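Below: one structure, written as structure tokens.
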Amino acid sequence: MTKEENEARLKKLKQIVSRLPEKPGSYQYYDAEGTIIYVGKAKNLKSRVSSYFHTEVDRFKTKVLVSKIHDISYTVVNTEEDALLLENSLIKKYNPRYNVLLKDGKTYPSICITNELLPRIFKTRTINKKWGTYYGPYSHIGSMQAVLELINKLYHPRTCRQPMTQEGIDGGKYQLCLEYHIKNCKGPCVARQSVDEYRRNIEQAREILKGNTRQLLRDMRAEMEQLAEKLKFEEAEEVKRKYLLVDSFVSKSEVVSHTINNVDVFTITNDERTAFVNYLHVANGSVNQSFTFEYKKKLDERDKELLQLAIVEMRERFQSDAKEIILPSEIDVDLEGITITVPQRGDKKTLLELSLMNGKQYKFDRLKQAEKLNPEQKQTRLMKELQELLHLPTLPYQIECFDNSNISGTDAVAGCVVFKAMKPSKRDYRKYNIKTVVGPDDYASMKEVVWRRYHRLMEEGQPLPDLIVADGGRGQMEVIRQAVQDELHLDIPIAGLAKDDRHRTNELLYGFPARVIGMKTDSELFHVLTQLQDEVHRYAITFHREKRSKHALHSELDDIQGIGPKTRDGLLNGLKTVRRIRQATETELAAIVGAAKAKIVYQHFHQP
């Protein structure tokens, strides 16, 4: 699109905006092909739509959306709630490219009660409201199984799929099956159980699925007492059995407060591209429904916008008629006949925290699932987490860590290990013999090794690390800073891992002066950092042991110029000790290694 065409497009759009009414409604944006690319709602159509065309719009994704708009239409409604409902229905109908995308919960199972003379109760993932009434969906399969198990124990609903009619039952068309004989069914198909009794049981099962268990318990108790007064003890015992089953089931559910009834709770948990909205429904003081919806964000939508969409979507899906909604913050819409509560304390605050915990757990589970399928995603997440924690300018893809090893200054060595994408890159590990430091001076040794490492990388044009980690506290960090920043004039971030009195790593240090970075010691990121520290310590110690072993095996023969390992080993095999080699004549030595080598060895031991 040329500059002139773009100016003409914006001019046309601004003319449309200038004619918009200052009333609540829904607006639709179209692209060049006439396809709806965005649906929104507003208290004031003119004010809301005109805000998209202000020069100070700061969100990049919004600017991209505006660049695609070629036409605007709108629908005026009476209230903000109507605008929200209309927006929700249009998003479902057209699925616009730039609207938040709801990941549907069709893969989650629901419980169906069929529309039959003798209704069946079963779990299903296929929703067809012509078949019956659906309860759910259930994000936690265990909860659904527990409800089904309770209903089967209480009411023994039939499991056969045979269509049944009253005429068929009266005419003896059906036969008893195995389920009757193992007492999983009471035989309504052959009138062993009346249709009225069977349907009363199904209605009670509906109350359990709705969460109205406390009212059901009250009704059962009253029925039990009436039967006992009439001396119908066997029937009263059967009701008591059912009462105890329901009571046991209720005692295991999440009871919040017996004073809270018919309340919806919504909370939201975010990451960069996805929002997780958790929905709880509370009836008779206990949570009887919990579900988390996943929204794919398109335009960096704010929490309040997403909550508005979620409230309409979930209340419609779960057919909620709750008159109170508990939220973490106020929303910019008035819902007729509904009270919005933002609790600060008490049972309702507890409900809010419970909902938020469920949303976070769902987000964590989704993240783990994705990371199993794509391990690189976990590494990227950990790098981003470390970058945010330390406010690093770039993603810490390459991290290097140093450690020294010596015994009283002898055989002093150092090791450098490299982690790339939070994993060891062993081909990049380096060993260093300390050359300029005399005696056990860890700080000077560290400074020498760091200077040699990065001076060489600079000379060879090799990539420098994104982060240096010192295996130690403030002192080690300072000598690294002197080598890197003061002497080599490099700007590489430096962190340190400090240990407690028990020699266990417990602190991450960063900055100058160094400060402790708040971090959970049981987090995945902390485990990776301690793995880095353990690896460099292992590497340096192993190198030190190798050098010490070689030093211990060093022989005086190794110091003779012109005598190599093969000659040395031949002499030791023949004469066994250096003392006997020193005492041997030149002729005896020549018999083992030849005249030339014998002369060198003999002169070494017998020179003035």
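None of the values given here were measured: they were computed from a predicted structure.
- Using modelled atom types and a 3.5 Å distance limit, the side chains of Asn278 and Ser355 yield a donor-acceptor pair.
- Residues Tyr94 and Tyr38 have side chains that never bring a donor and an acceptor to within less than 3.5 angstrom of each other.
- For the residue pair Asp403 and His537, a side-chain donor N or O sits within less than 3.5 Å of a side-chain acceptor on the partner.
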The test is side-chain contact (heavy atoms from CB on, under 4.5 Å); show your working for Ile69 and Asp31 and say whether it passes. CA-CA 5 Å; Ile69 301 172; Asp31 63 11; over 6 Å; no
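- Using modelled atom types, one finds no donor on one side chain facing an acceptor on the other under 3.5 Å when comparing Glu487 with Tyr454.
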Take Tyr432 and Phe402, measure what ring pair (Phe, Tyr, Trp, His ring centres under 6.0 Å) needs, and give me the verdict at the end. CA-CA 10 Å; Tyr432 295 92; Phe402 296 86; 7.2 Å; no
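- Lys11 and Glu7 are not joined by a salt bridge, as no carboxylate oxygen comes within less than 4.0 angstrom of a charged side-chain nitrogen.
- Note that CD of Glu33 is 10.0 Å distant from NZ of Lys68, once rounded to the nearest 0.5 Å.
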Are Asn270 and Lys363 close enough, and set up right, to give a side chain to side chain donor-acceptor pair (under 3.5 Å), and what steps lead you there? CA-CA 9 Å; Asn270 269 305; Lys363 174 185 173 183; over 6 Å; no
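- A donor-acceptor pair shorter than 3.5 Å cannot be found between the side chains of Glu294 and Thr292.
- Aromatic ring centres of Tyr539 and Tyr429: separated by under 6.0 Å.
- With 3.5 Å as the limit, one finds no donor-acceptor pair spanning the side chains of Gln531 and Gln533.
- Counted by atom type alone, Asp428 and Ser425 present one or more donor-acceptor pairs between their side chains at under 3.5 Å.
- Inspection of the Thr436 and Glu448 side chains reveals an N or O donor paired with an N or O acceptor under 3.5 Å.
- Residues Phe276 and Tyr295 place their aromatic rings such that the two centres sit no closer than 6.0 Å.
- Ring geometry for Tyr27 against Tyr29 counts as tilted: the plane angle lies between 30° and 60°, on a 0 to 90° scale.
- In Arg97, the CZ atom is not crowded: 12 or fewer heavy atoms of neighbouring residues, nucleotides or ligands sit closer than 6.0 Å.
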